There are 2 protein chains.
Amino acid sequence: MRLQLTLPLVIAILLASICAAAELPLMPWPSQVSTGPGSLLIDSHFAVSLTGPGATDLRVKRSASRLEERLFRQTGIPQAPGPAPAKASLQIVVEHPKPGIQQYNDDETYHLLITAEKATLTAKEPLGALRGMETFLQLIRASENGFSAPSADITDQPRFPWRGLSLDVSRHFLPVPAIRRTLDGMAAVKLNVLHWHLSDDQGFRAESKLHPLLQNKGSDGLFYTQTELRAVVEYARERGIRVVPEFDIPGHATSWFAGYPQLASGAGPYEIVREPGILLATMDPTKDSTYKFLDAFIGEMAAIFPDAFFHIGGDEVSPKGEWTNNPHITAFMRRNHLKDLAALQAEFNRRVQKIVATHGKRMEGWDEILDPDLPKSIVIQSWRGPKSLAEAAHHGYSGILSSGYYLDLMQPAAQHYAVDPMKGETEALTAEEKKRILGGEAAMWEELATMENIDAKLWPRLAAIAERLWSPETVTDVDSMYRRLEATSRWLELQGIEHRSQPLFMLQRLAGAADIETLAKFAAILEPVKGYARHRNHKYSSLEPYNRLVDSLAPESDAGREFNQTKDRDILRARLTEWRANAEAVLPVLRATTLLSENVPLAERVVELCRRGLDALDSRLAATPFPEPDNKSEILIAFEPGVRRLTGAAAP
Amino acid sequence: MRLQLTLPLVIAILLASICAAAELPLMPWPSQVSTGPGSLLIDSHFAVSLTGPGATDLRVKRSASRLEERLFRQTGIPQAPGPAPAKASLQIVVEHPKPGIQQYNDDETYHLLITAEKATLTAKEPLGALRGMETFLQLIRASENGFSAPSADITDQPRFPWRGLSLDVSRHFLPVPAIRRTLDGMAAVKLNVLHWHLSDDQGFRAESKLHPLLQNKGSDGLFYTQTELRAVVEYARERGIRVVPEFDIPGHATSWFAGYPQLASGAGPYEIVREPGILLATMDPTKDSTYKFLDAFIGEMAAIFPDAFFHIGGDEVSPKGEWTNNPHITAFMRRNHLKDLAALQAEFNRRVQKIVATHGKRMEGWDEILDPDLPKSIVIQSWRGPKSLAEAAHHGYSGILSSGYYLDLMQPAAQHYAVDPMKGETEALTAEEKKRILGGEAAMWEELATMENIDAKLWPRLAAIAERLWSPETVTDVDSMYRRLEATSRWLELQGIEHRSQPLFMLQRLAGAADIETLAKFAAILEPVKGYARHRNHKYSSLEPYNRLVDSLAPESDAGREFNQTKDRDILRARLTEWRANAEAVLPVLRATTLLSENVPLAERVVELCRRGLDALDSRLAATPFPEPDNKSEILIAFEPGVRRLTGAAAP
């Protein structure tokens, strides 16, 4: 029998090949891509060559040597020993050197051409070469003929020069290996700023030799030594990532006061805080000794962090805080004609900015620092939204967007993906003003994250934000994003990020001797509640265990999302049947230990939702109202919206 | 309705509770255990106290501090900061110090008493405390009331003082993190010797500063620096593990000759070998310069490895090798009345032994070094079997058994578990002679193992050998061993050993964008072929990729073993039905890439075996002969014996 190539079949085959070509497993998606037939096969003769005046840059050399190691991880093919073959399979050309500290507007453009014979990566400057190497590695996959990279012609450059992650290590400390993994992942998706939130009420995480009580009284012993800080900066630099340290003042500063109560506006004594929230303790802006202390400290840190920017926080000074209740401070305000707390903070910021500038740095801070008396060199990080970003740009200040990119709120990737620094109030800016919008930063606040689940809380969603900040504005197809996010997620795990293995580790611990398959399948249809809802019923302390089922859940359930989107009744039926059986099977596992038994009602509700969904598919009407969730539950059933739609129940 | 406690139910409940108590998740099983009601709950107030004259030992202190970190990994419960509570939950008492280098016969006894209030660990010397801490950690599990250790009274001591792993890093190099993980695992199951096979024909892995061409020409750049060697020794020492280095001479020594051809008995030139086997290149035993070289080198290594023993290999000098063909050597033999090659090697060994002794070490070697002219201080490692071990002991030499413990042969744990150093020819020894059997060493030869699958090839089977060497001779229940091995396997993964995650990583790489569940389920019923069968049809080189399905398989399929053992026809039917469906589902995944397509016939055979098994269960007679396996296949279908039994087919 011969295969009949009917016209629809031919069209289907063509479409399939075009779609496959059009949707390379890349994230962020490049500026321009075209694909051709054929692919570059990866074998043990794969070799990299470096040429051009910029290729001697240590970042390029180390990244190329890491590329070879990472290629081994991705393929398991060892490189042949001995001299490199005459013709390298990946030829990297870096046209110009770019010595010195990485600047926020360094050139990152590159051109990558892959044919069946070889790949050529051309970059103007070292950073472009680093970005292009990540694209090359992302393209390598198990193909029909073995491991290969598809033929492609890619011209690429970032939309925004500032693409970062703001990482809180105060509320939960993250050990250096977790920071390194995070930097690896960031580099993999072309992020270029680690904004390191090193101090807050809950902990002071950087070693000061001038003021050692900062870490000695402010960290429970969980801090980075100066050697470690420097090593992280170097590790980041080799991956084309700037490190901007943040030491949050004058609010969010209790951990400073544990060792140095004289810096505070209150009487003390102070100790580091275990619960989240906006605290009352605030730095005293009226004493010269405060600024002397800061001058020495900022000078010390400026020598460790070479970046041009220094972040002073400046957010959330409580209106009910120590400034209001201290007669010495209110007298100071009257004497200096400071009409309110904002004016007092502005005065503080002006003095701090001068100190920061003395040490050769540009000051960065959250929205609240915006003040017309500050020089235009500062950068505003907006956590409040595009309005404050637009306002800053309008007044001549540079800014970056973080509002909408808070990964700790456990929102789906699509929600962050829809947030664009150039949408909303920023749209009305002039072209000149728009140039001041430098980009954005995802933010991960760590009230509920620990070293055990940080990867799972960051990834893969952070890759979607990275795409928003790198790729052209027109790249907005959510379905394509999710398909590529899945490929990127798998790739990141091959690179050593642990977002897939961490939850399994935690589930295995909870399951004890029980089989974890059932529990893992149960966890796969659940999500943690969104926003700040987990804080509603319990005051979480940094000291308690974060080892429960809710702590091991991925922020977004792929299975749930797919269910909620499909209209295929066979799929709906199959899923509900499968999930009901699994929820019934997981009940004894949950009941076996107090570590899991709090989730019994949840499993029972899963059974009930599945039953209702199946009834609706069979056109059986429900006799009782839809069972509403317990509002104390910290876990959502991810497919609930789909069942509500099926049964005609309103959203809760 | 009230629960009716019928007599059978009461008996069942009693039996269940007794079994649970009798089978604590311990491996190796202790000398004496009794259990009681209740358990010690682990919470954030858990603390360790150290007392007694031996508790200041650095090994004890560091192990105790690691115990706290490992406890966090096992439970996710952070320790409360601040001063330790007045009453520690684990009180460790070490009665005597034992300074200096760890000796093979150091005391390892301990007593561990766990009540609902606290745990008390008493050891005579530091090593016992280390062993007892592992027992304590193994006991902690997710229980009814949270994480807890069951009440127990354990008195424990090893049966043999020498319990090791012989680890080949020549045929495939293992990076330091893999060595550290292996040491962690070894300590966890109370093994106390890492016999580090640092040189062979395929690579010289230790840095020599006196003879740098050893590593520079003999390792492809894959070697341990002296700093790394020292760090590994220290890492091992902190875990109560001695490190015995092996530099294999006069055979298995091609890698020496790559840089120093003058050491060889042939004309050269030499380069490191890529294929396994017994090579012809042999060190020249007739030149004084050889011994001068060895003296300097052994002196250099003796300063790095503090252990009392130094392993010189001595195995497999080829009768067809360079000794036979070199007229200079045959003349030397005549001149010295050396009647054969064995006599020549004995002469070599006598001179080497003197050098080893000069540097303060006792010589160790494989069976072939046994020779009545050597002093009784040497130790013989038997790879040939109990006969040579018995012979050595009879002649006054100490010995350890490795025959039967070769983990690279991919045999089931039960097979190694049945091997006892005191069984076979050793049974006939006198009590005095028996004392010379010091224990045994598992061996992992690395022709087919790489840094990517080493954990999966070692674990959990190594734990079964560890039990054979530690536990009383009477501990031989295979079913119990397998149940505890499963618990130990889960526990080891929580400790950071990667034997469960490595195969998943490799499968994900092969599967590319395809779902790995189906592939993983397929892999779970497969095993690599046994013994040296993989070498039958292909000459494996150390340079080729070990990234195929066969490389990602666990040596032993639990699912296969359980199937082969059960007689429950419902279970047999369920498994066969499930496996057939999965094999059909995996076929398109296998066909999608040349990386997997070699396994298509295997999946088809799985379908066929399932069909035959199901037919037999339905009493349908097979019309055709049993489909025999392709003898070129490198993979076995683990449940095949069960299907053969069902269908009445003979073993292949």
Side-chain angles (χ1 to χ4, degrees), chain A residues 25 43-44 72-82 141-148 172 219-222 272 274 450-453 483 486-487 490 493-494 498 500-501 504-506 508-514 516-517 542-548 551-552 591-597, chain B residues 25 43-44 72-82 141-148 172 219-222 272 274 450-453 483 486-487 490 493-494 498 500-501 504-506 508-514 516-517 542-548 551-552 591-597:
Chain A
D43 62 21
S44 68
F72 173 69
R73 274 183 73 87
Q74 282 185 236
T75 64
I77 302 171
Q79 262 191 288
R141 50 185 177 179
S143 68
E144 234 178 309
N145 309 310
F147 291 102
S148 65
H172 273 105
S219 78
D220 289 327
L222 298 171
I272 51 174
R274 308 300 180 181
T450 72
M451 66 172 96
E452 294 197 313
N453 61 17
R483 284 190 300 267
E486 171 60 21
R490 276 196 308 272
E493 189 85 17
L494 291 181
E498 299 175 1
R500 294 186 165 210
S501 51
L504 292 179
F505 178 91
M506 297 178 76
Q508 180 65 73
R509 187 163 68 188
L510 289 170
I516 101 156
E517 256 183 68
S542 57
L543 298 179
E544 62 193 288
Y546 291 84
N547 60 358
R548 292 155 61 216
D551 300 304
S552 71
R591 288 195 184 111
T593 162
T594 52
L595 299 165
L596 284 168
S597 57
Chain B
D43 62 19
S44 68
F72 173 69
R73 273 183 73 86
Q74 282 185 235
T75 64
I77 301 171
Q79 261 190 288
R141 50 186 178 179
S143 69
E144 234 178 310
N145 308 311
F147 291 102
S148 66
H172 272 107
S219 77
D220 290 329
L222 298 171
I272 52 174
R274 308 300 181 182
T450 72
M451 67 172 96
E452 295 197 314
N453 60 19
R483 285 190 300 266
E486 170 60 22
R490 276 196 308 271
E493 188 85 17
L494 290 182
E498 298 175 3
R500 296 187 163 208
S501 52
L504 292 179
F505 177 90
M506 296 179 77
Q508 180 66 73
R509 187 163 68 185
L510 289 169
I516 105 156
E517 256 182 69
S542 57
L543 297 180
E544 61 193 289
Y546 291 83
N547 61 359
R548 291 155 62 216
D551 300 305
S552 71
R591 289 193 183 112
T593 160
T594 52
L595 299 164
L596 284 168
S597 56

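Letters A, B, ... are given to chains in the order of the sequence lines, protein chains preceding strands, and every chain is numbered from 1. This one's a predicted model, so the numbers in the text were calculated from it and none came from an experiment.
Contacts between Glu486(A) and chain B at a heavy-atom distance below 4.5 Å are absent for every atom of the residue. Gln74(A) touches chain B through its backbone: at least one of N, CA, C or O sits under 4.5 Å from a heavy atom, while the side chain does not. In this structure, chain B has a heavy atom under 4.5 Å from the backbone of Ser143(A), while its side chain stays farther away. Heavy-atom distances place the side chain of Arg490(A), and not its backbone, under 4.5 Å from chain B. For chain B, the nearby parts of Arg73(A) are the backbone and the side chain; heavy atoms of each come within less than 4.5 Å. When heavy atoms are compared at a cutoff of 4.5 Å, Tyr546(A) approaches chain B solely by way of its backbone atoms N, CA, C and O.
How far CG of Asn145(A) is from OG1 of Thr593(B): 8.0 Å, rounded to the nearest 0.5 Å. For the atom pair CZ (Phe72(B)) and CE (Met451(A)), the distance works out to 5.0 Å, reported to the nearest 0.5 Å.
At least one side-chain heavy atom of Phe147(B) sits less than 4.5 Å from a side-chain heavy atom of Asn547(A). The closest side-chain heavy-atom distance from Arg274(B) to Pro81(A) is below 4.5 Å.
Chain A forms the most heavy-atom pairs under 4.5 Å with one residue out of Leu494(B), Ile77(B), Leu543(B), and that residue is Leu494(B). Your options are Gln508(A), Arg509(A), Glu493(A), and the one with the most heavy-atom pairs under 4.5 Å with chain B is Arg509(A). Contact tally against chain B (heavy-atom pairs below 4.5 Å) for Gly221(A), Ser501(A), Ser542(A), Ala513(A): the top residue is Ala513(A). Counting heavy-atom pairs closer than 4.5 Å to chain B, the top residue among Asp551(A), Thr75(A), Ile516(A), Leu510(A) is Thr75(A). By number of non-hydrogen pairs under 4.5 angstrom with chain B, the leading residue of Ala487(A), Ala514(A), Ala592(A) is Ala592(A). By number of non-hydrogen pairs under 4.5 angstrom with chain B, the leading residue of Glu144(A), Glu452(A), Arg591(A) is Glu144(A). Top candidate by heavy-atom pairs under 4.5 Å with chain B, chosen from Pro25(A), Ala80(A), Ala142(A), Ala511(A), is Ala142(A).
Closest heavy-atom contact between Pro545(B) and Pro78(A): CA-CD, 3.6 Å.
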